[in-house]
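These notes are about the structure you will find just below.
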Amino acid sequence: MKTRHFLSLALFGLSTILFKRRQPILGTIILTDSCNLHCKHCAVNNITGQMLSYQDVRKEMINFYQEGLRILFFCGGETLLWQEAGKTVRDLIREAKEMGFYLVNIVTNGTIDLHIPEADVIFLSLDGTRQAHNSIRGDTYDLILQNLQKTDHCNICIYMAINKLNYQDIENLCKLAKEHPKINSISFNFHTPYQGTEFLSLSREEKQIAVTTIKSMLKDNMPIFNLPSALDAYLKNEWSRPCYQCIVSENKQRYLCGRCVEIDGLCRECGYLFAVEFSLLCQGNIRTIFEMVKTYLKFA
Ligand SMILES: C[S@@+](CC[C@H](N)C(=O)[O-])C[C@H]1O[C@@H](n2cnc3c(N)ncnc32)[C@H](O)[C@@H]1O
Ligand code: SF4
Ligand code: SF4
């Protein structure tokens, strides 16, 4: 991220804290819910099968920008399945950058060609090393690693959703992130128990083990993009939600924080650490702010 953009975001954060503003800064556009996988933990794939039209994506990007949002994510379903009349996600990213977004990132399952040099960060979902990952995402681990090998993108962040089937694989995945030449960092979320996926939730003891492991990996200087204070707040389940700084847009409908916001009781069980981190930051938690600056300097 350019330093002037970081400073502008810091100013945004400061005014949010001082004036208790509820202005969003991060927007996610869901391009489609179509997906080529059916992961065990996921409840948002292949519901309508619709692709957002190019005109509608563009309109929403313009709306977001005019409303002051400066960080943009494209997500799915499988994000990289999106295309229309020769336009691909790469074109969308390019256009978003031209509009002035500071950061334009994508989240992908990595089964489709990862040559997307326009993206600032590619969040690549890997839910463990081979055995754990495949038990959740089907037999896709080797294909994803082949795609990783082929790409020349230099800012790939592994995205792991921790659940009952993979929480013992955190250390192995951290090692892969550190040693693999194409991986820059790793970021964790915890399982959020949408209806039908409750069986994957961690017990309190398992959450404690997972958090202790991540913290110990952080001490070992693994390239982890999570903040320790957010891990503590998650474990205690003491943080304010929904997060007012994030908006999700799906099929022309807007959701504050996440599309999960309307599911009764789910926010109480939320495992999305980005929401915890944003929430702590925007409430002026000094420890979180300090850790954020430290993390920025580490990865800048
Ligand atoms: C919904 S997927 C969409 C993008 C792409 N298909 C992928 O898998 O990366 C975005 C992220 O949400 C995560 N996710 C899905 N269901 C989840 C759940 N119940 N709790 C926490 N994270 C979840 C996935 O693991 C993935 O990293
Ligand atoms: S690849 Fe992503 S959208 Fe598809 S089922 Fe898995 S988590 Fe859900
Ligand atoms: S707090 Fe936000 S991310 Fe977490 S479940 Fe609620 S809406 Fe979703």
Side-chain angles (χ1 to χ4, degrees), residues 24 26 28-49 73-82 89 105-112 114 119 121-128 132-138 140-141 143-144 147 156-167 173 186-202 210 230 233-234 237-248 250 254-280 282:
L26 186 153
T28 299
I29 300 178
I30 307 295
L31 297 176
T32 177
D33 69 8
S34 285
C35 188
N36 53 342
L37 304 185
H38 293 274
C39 306
K40 282 192 182 135
H41 63 309
C42 176
V44 297
N45 67 84
N46 299 303
I47 296 166
T48 67
F73 275 74
F74 291 116
C75 196
E78 175 41 39
T79 316
L80 294 178
L81 286 179
W82 185 91
V89 174
N105 304 329
I106 64 158
V107 189
T108 174
N109 66 26
T111 59
I112 296 169
L114 284 171
V121 184
I122 297 178
F123 285 88
L124 171 61
S125 297
L126 263 191
D127 285 331
H133 173 93
N134 284 350
S135 74
I136 297 163
R137 290 183 164 257
T140 54
Y141 184 83
L143 171 62
I144 297 167
N147 285 337
I156 292 185
C157 179
I158 294 299
Y159 215 29
M160 177 182 188
I162 302 169
N163 61 43
K164 237 187 187 16
L165 300 177
N166 63 7
Y167 75 100
L173 202 59
I186 178 163
S187 179
F188 298 99
N189 285 304
F190 282 88
H191 183 63
T192 301
Y194 293 80
Q195 198 180 13
T197 71
E198 298 88 345
F199 68 103
L200 290 168
S201 290
L202 299 179
Y234 164 72
N237 209 6
E238 281 173 9
W239 55 282
S240 163
R241 66 211 92 174
C243 161
Y244 293 99
Q245 281 66 41
C246 303
I247 289 188
V248 175
E250 181 171 29
R254 294 277 189 96
Y255 303 90
L256 187 65
C257 194
R259 37 189 160 162
C260 19
V261 75
E262 291 179 355
I263 304 176
D264 223 15
L266 196 61
C267 293
R268 243 354 259 163
E269 308 292 322
C270 176
Y272 290 105
L273 291 176
F274 77 87
V276 187
E277 286 162 358
F278 259 90
S279 166
L280 293 174
C282 292

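Note that the structure is a prediction, hence the values are computed from the model and not measured. Counting starts at 1 for both ligands and their atoms, in listed order.
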Taking only non-hydrogen atoms of [X], do any sit less than 4.0 angstrom from ligand 1?
X	result
T197	no
F190	yes
P193	no
C42	yes
V44	yes

Exercise. At distances under 2.8 Å, what protein N, O or S atoms surround atom 8 (Fe) of ligand 3?
Worked result: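 For atom 8 (Fe) of ligand 3, the protein N, O and S atoms that sit under 2.8 Å away are C260 SG.
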Which atoms of ligand 1 are found less than 4.0 Å from any heavy atom of [X]?
X	value
Y272	17 (C), 18 (C), 20 (N), 21 (C), 22 (N), 23 (C)
A161	22 (N), 25 (O)
T192	18 (C), 19 (N), 20 (N), 21 (C)

Exercise. With respect to atom 6 (N) of ligand 1, which of S34, G77, C35 exhibits the smallest heavy-atom separation?
Worked result: G77
Problem set entry | E78 and N36: CA distance, side-chain angles, deciding distance, side-chain hydrogen bond (donor to acceptor under 3.5 Å, both in side chains) verdict | CA-CA 7 Å; E78 175 41 39; N36 53 342; over 6 Å; no
One residue to check: [X]. Relative to ligand 1, which of side chain, backbone, both or neither has a non-hydrogen atom less than 4.0 Å away?
X	value
N189	neither
A43	neither
R137	side chain

Identity and separation of the nearest protein heavy atom to [atom]:
atom	result
atom 6 (Fe) of ligand 2	C39 SG, 2.3 Å
atom 7 (S) of ligand 2	R137 NH2, 3.5 Å
atom 4 (Fe) of ligand 2	C35 SG, 2.3 Å

For this session: Give me the one residue out of I106, I112, T111 that meets side chain to side chain contact (heavy atoms under 4.5 Å, CB included) with T108.
Result: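 Of all the options given, the one that passes is I106.
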Exercise. Backbone or side chain, does C42 get an N/O/S atom under 2.8 Å to atom 6 (Fe) of ligand 2?
Worked result: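 So C42 does not bind atom 6 (Fe) of ligand 2 by this criterion.
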Exercise. Is there a donor-acceptor pair closer than 3.5 Å between any side-chain N or O of H133 and the backbone N or O of D127?
Worked result: yes
